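Counting starts at 1 for both ligands and their atoms, in listed order. Numbers for residues simply follow the sequence, beginning at 1. No hydrogens, no waters, no symmetry mates; every other heavy atom, side chains included, goes into these values. Nothing here was measured: the structure is a model prediction, and the numbers come from that model.
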Amino acid sequence: MTDFEHVSVMPHEVIEYLQPRAGGLYFDGTAGAGGHSLLILESAPDSRVIAVDRDPAMLEIAAERLTKFGDRVTLRRASYEDLQDVLDELHIDRCIDGVLIDCGPSLDQLAGRTTGRGRGFSIHGGDEPLEMAYDPEQSRTAATLLAELSERELRGLFGQTLRGGEVGRVVRAIVREREREPVATPERLTRILQQALSFKAPEAEKRVIAAYAALRIAVNEELEGLERGIDAAVDALCPGGRLVLLTFHGGEHRVARRKLRELEGGPIGPPRLIGGPEREAKVRVLTRSPLDPSEAEVARNAASRSARLHAAERV
Ligand SMILES: C[S@@+](CC[C@H](N)C(=O)[O-])C[C@H]1O[C@@H](n2cnc3c(N)ncnc32)[C@H](O)[C@@H]1O
C-alpha cells in the first residue's frame with residue numbers, strides 16, 4: 001500500500017490549529033491510518049500521542065506507520081468518547097495539550113482494504129456482509145437496522161442525508177423488499193436504492209452514497225458520539241490546549257458548531273434575560289467560520305471536498 005492512499009485531510013491546517021509543542025501530550029481520537037498522529041509526532045520533538053480507533057484493523061495500519069516513534073505513541077482500541085477511561089487505564093493523571101477528532105470512515109474501510117474482508121461500507125461491496133460498524137464485534141449493523149426499524153424510524157434515519165421526496169421512496173422500497181428477503185448485502189441494498197431513487201448517473205451514485213452514509217451514521221451512532229466526544233475532549237484539555245475537529249457532512253458540521261458555541265458559555269435561555277443563569281465558558285472558538293480545504297487539496301484528494309475544520313482553545 002502506498003502512502004498516497006493514506007492521505008490525511010487538511011494536514012497543514014490541523015497542525016496550524018493544534019499547535020503541537022515539544023514535549024506535549026496529544027490525543028488522536030480517530031487514529032485511522034495514523035496520518036495525523038504522524039504529523040504531530042514529526043512536528044513536535046519529544047511529544048507523545050495516544051491514538052485510539054474503534055476498528056482494530058485500522059490500528060494495525062497505524063501501528064505499522066508509527067512504529068518508528070517507539071514509545072512516543074500509544075495505540076488503544078476504544079471510542080474517543082471514552083477518552084477519560086483510556087487515560088485512567090494508562091495511569092495518566094495530567095491534562096492533554098491537544099485533541100483531534102477526524103470524523104467518518106477512512107478510505108481503507110470504504111474500500112474494504114482493512115481486514116481482508118469488506119464490511120459493507122461501499123455501495124460497490126457486492127456480497128460482503130452489510131455491517132458498516134467501525135467496531136467489527138458490534139451486534140448492531142446496517143442489516144439489523146434495515147430488518148428491525150419501523151417505517152417511521154427508517155424515515156428519521158434516511159432523513160439525515162436524503163432529501164424530502166427521496167426518503168419516502170427509499171423507505172417504502174426497503175419495507176417492501178425486506179418482506180421478501182432480508183437486505184443483507186451491498187449488492188441488494190444498492191439495487192433497491194438505485195431503483196427507488198431512479199436518477200441518471202452520476203447523480204444516481206451520489207444519492208445512493210448519501211443513503212449509505214445515513215445508515216453508517218446510525219449504525220455507529222456517530223452524531224451522538226461526536227457530541228459526547230467533544231465534551232470528553234474539552235474536559236481533558238489543559239488551559240490553552242486545543243481541540244481540532246474535522247467534519248464531513250451537514251449533521252456533523254451542525255453538531256460541531258452547536259457544541260462549540262454552547263461550550264463558549266453565555267446566557268442559558270433568552271439572550272436578553274439580564275441577570276439570568278449563565279453557562280460557564282470552557283472554550284474560546286478559534287474558527288468563527290469553519291475552514292474549507294484549499295482548492296489545491298481538493299484537486300489532489302477529492303475525498304477532502306466536504307471537509308470543514310473547527311478549532312477551539314480551552315480557557
Ligand atoms: C477519517 S479516519 C481517520 C484518518 C486519520 N486521521 C489519518 O490521518 O490517517 C476516521 C477513523 O475514525 C475511526 N472512528 C470512527 N468513529 C470513532 C470513534 N467514535 N472512536 C474512535 N475511532 C472512531 C474509524 O474507524 C476510522 O478509522
Side-chain angles (χ1 to χ4, degrees), residues 1-15 17-18 20 26-43 49-66 73-86 98-115 118-122 131-138 140 213 216-233 244-249 251-252 255-256 293 297 301-309:
M1 220 173 276
T2 66
D3 254 8
F4 181 69
E5 288 169 298
H6 291 307
V7 63
S8 300
V9 170
M10 299 182 79
H12 305 296
E13 295 87 342
V14 165
I15 294 302
Y17 277 90
L18 207 55
Y26 295 87
F27 187 88
D28 182 349
T30 46
H36 287 113
S37 287
L38 187 139
L39 291 171
I40 296 169
L41 292 157
E42 276 179 350
S43 64
V49 171
I50 299 162
V52 303
D53 203 290
R54 289 169 85 179
D55 186 344
M58 291 311 300
L59 288 169
E60 272 176 37
I61 297 175
E64 204 182 310
R65 286 183 88 200
L66 300 173
V73 192
T74 306
L75 294 168
R76 280 285 179 282
R77 178 174 171 185
S79 170
Y80 56 70
E81 297 166 53
D82 301 324
L83 181 157
Q84 192 53 54
D85 293 342
V86 174
V99 176
L100 170 69
I101 298 176
D102 174 9
C103 295
S106 76
L107 292 179
D108 298 87
Q109 288 163 325
L110 287 176
R113 282 196 297 246
T114 49
T115 51
R119 285 179 272 154
F121 285 103
S122 162
E131 294 174 2
M132 298 197 202
Y134 297 127
D135 175 351
E137 285 166 30
Q138 181 178 302
R140 183 181 55 251
R216 195 205 69 230
I217 291 164
V219 167
N220 295 292
E221 297 184 320
E222 293 182 25
L223 299 180
E224 302 84 340
L226 178 59
E227 197 156 340
R228 289 192 290 265
I230 294 173
D231 277 325
V244 175
L245 306 169
L246 288 173
T247 59
F248 290 85
H249 57 79
E252 288 173 353
V255 168
E297 175 169 1
N301 172 19
S304 70
R305 196 179 42 236
S306 58
R308 298 284 177 279
L309 183 146

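- For ligand 1, the atoms closer than 4.0 angstrom to any heavy atom of Ala33 are 9 (O).
- Here the side chains of Met58 and Ile61 are in contact, with some heavy-atom distance below 4.5 Å.
- Nearest heavy-atom pair across His36 and Val9 is NE2-O, 2.8 Å.
- For the ligand labelled ligand 1, residue Gln109 lies inside the 4.0 Å heavy-atom shell.
- With no hydrogens or angles considered, no side-chain donor-acceptor pair links Arg119 and Tyr134 at under 3.5 Å.
- Inclusion of Ser106 in the set of residues having an N or O under 3.5 Å from an N or O of ligand 1 is not warranted.
- Between Glu252 and Leu246, every side-chain heavy-atom pair lies at or beyond the 4.5 Å cut-off.
- Ligand 1 has no nitrogen or oxygen under 3.5 angstrom from a nitrogen or oxygen of Arg65.
- For the pair Ala31 and ligand 1, a heavy-atom separation below 4.0 Å is found.
- Selection from Val7, Asp53, Val52 by nearest heavy atom to atom 27 (O) of ligand 1 gives Asp53.
- Within the 4.0 Å heavy-atom cutoff, Arg54 counts among the residues contacting ligand 1.
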>> Applying side chain to side chain contact (heavy atoms under 4.5 Å, CB included) to Leu223 and His249, what does each step give before you reach the verdict?
In response: CA-CA 11 Å; Leu223 299 180; His249 57 79; 4.1 Å; yes
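- When side chains are defined from C-beta on, Pro20 counts as touching Ile15, because their heavy atoms get closer than 4.5 Å.
- When Gly104, Cys103, Gly34 are checked for heavy-atom proximity to atom 10 (C) of ligand 1, Gly104 turns out nearest.
- Within ligand 1, the atoms closer than 4.0 Å to a non-hydrogen atom of Met58 are 27 (O), numbered from 1 in the order shown.
- Counting heavy atoms from C-beta outward, Tyr80 and Val99 have side chains that stay 4.5 Å or more apart.
- Backbone and side-chain nitrogen or oxygen atoms of Asp102 are examined, and one is located within less than 3.5 angstrom of a nitrogen or oxygen of ligand 1.
- Not a single heavy atom of Gly229 lies less than 4.0 angstrom from ligand 1.
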